[in-house]
Every structure is written in structure tokens, then in C-alpha cells.
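Data block below; observations after.
Here the structure is a predicted model, which is why all the values come from computation and not from measurement.
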Amino acid sequence: MMDVIGGHAGRAAEQMGPDTEVAFKDVSGKGRSVDDPAGWKICETRRGPNQQITDYPVVLGVVRVAESCG
């Protein structure tokens with residue numbers, strides 16, 4: 001998996017392609033649903049950066065663009 005940490009969640013999902021199942025998880029602790037990934041940035045991934053994807057979905061841990069990963 002490419003290193004997408006710090007990147008735009010919507011673009012990262014597009015780059016992975018339509019055959020890659022992607023799930024978004026709000027990692028701010030606020031438990032918000034991520035209906036539109038366009039306003040979110042990536043703080044963590046499961047599989048990690050530069051690791052081969054072996055199971056799905058790929059989980060992108062995200063926060064709102066204006067927030068810090070903290």
C-alpha cells in the first residue's frame with residue numbers, strides 16, 4: 001500500500017482504484033461518520049505504509065482537514 005498518511009482521504013481512495021475496498025474511520029475520538037471523504041485527511045492506515053494489502057477493507061483513519069492528527 002502506498003504511503004498516504006497526511007494526504008486527502010478522497011483522493012487516496014480514488015488512487016487505490018475501484019477494485020480496492022476502502023473504509024474510513026474517524027480517529028478524532030468524536031465517533032463521526034465519514035459520509036464524504038473530501039473534507040478529511042489521513043492520519044493512519046491499516047495496512048501500514050509500504051506494506052502489501054492482504055486483507056480488506058483497507059481502513060483509513062481520518063480527521064477533518066482543519067484538525068490535527070494529534
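Val65 shares a hydrophobic cluster with no other residue; no ILVMFWY side chain has heavy atoms under 4.5 Å from its own. Here Val27 sits in one hydrophobic cluster together with Val63; the rule is ILVMFWY side chains under 4.5 Å apart, joined directly or through other members.
Ser28 is linked by a side-chain hydrogen bond (donor to acceptor under 3.5 Å, both in side chains) to Asp26, Arg32, counting only residues two or more places apart in sequence or in another chain.
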Less than 3.5 Å apart, which donor and acceptor atoms pair up between the side chains of residues 33-40 and the rest of the protein, not counting sequence neighbours?
residue, atom, partner, partner atom, Å
Asp36, OD1, Ala38, N, 3.2
Trp40, NE1, Asp36, O, 3.4

Kindly determine whether Arg46 and Val58 satisfy side-chain contact (heavy atoms from CB on, under 4.5 Å), including the steps that lead there. CA-CA 6 Å; Arg46 191 181 67 212; Val58 171; over 6 Å; no
Between Val22 and Leu60, does the side-chain contact (heavy atoms from CB on, under 4.5 Å) criterion hold? Intermediate values first, please. CA-CA 7 Å; Val22 178; Leu60 302 179; 3.8 Å; yes
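Here the CD1 atom belonging to Ile5 is positioned 4.5 Å from the OG1 atom belonging to Thr45, to the nearest 0.5 angstrom.
The list of salt bridge (charged side-chain N to carboxylate O under 4.0 Å, His left out) pairs with a residue in residues 1-12, not counting sequence neighbours, is empty. Screening residues 25-70 for disulfide bond (SG atoms under 2.5 Å apart), with sequence neighbours left out, gives Cys43-Cys69.
In this structure, Tyr56 is a member of the same hydrophobic cluster as Met16, with clusters built from ILVMFWY side-chain heavy atoms closer than 4.5 Å.
Nearest heavy atom pair, residue Glu67 against residue Lys30, reads OE2-NZ, 3.5 Å.
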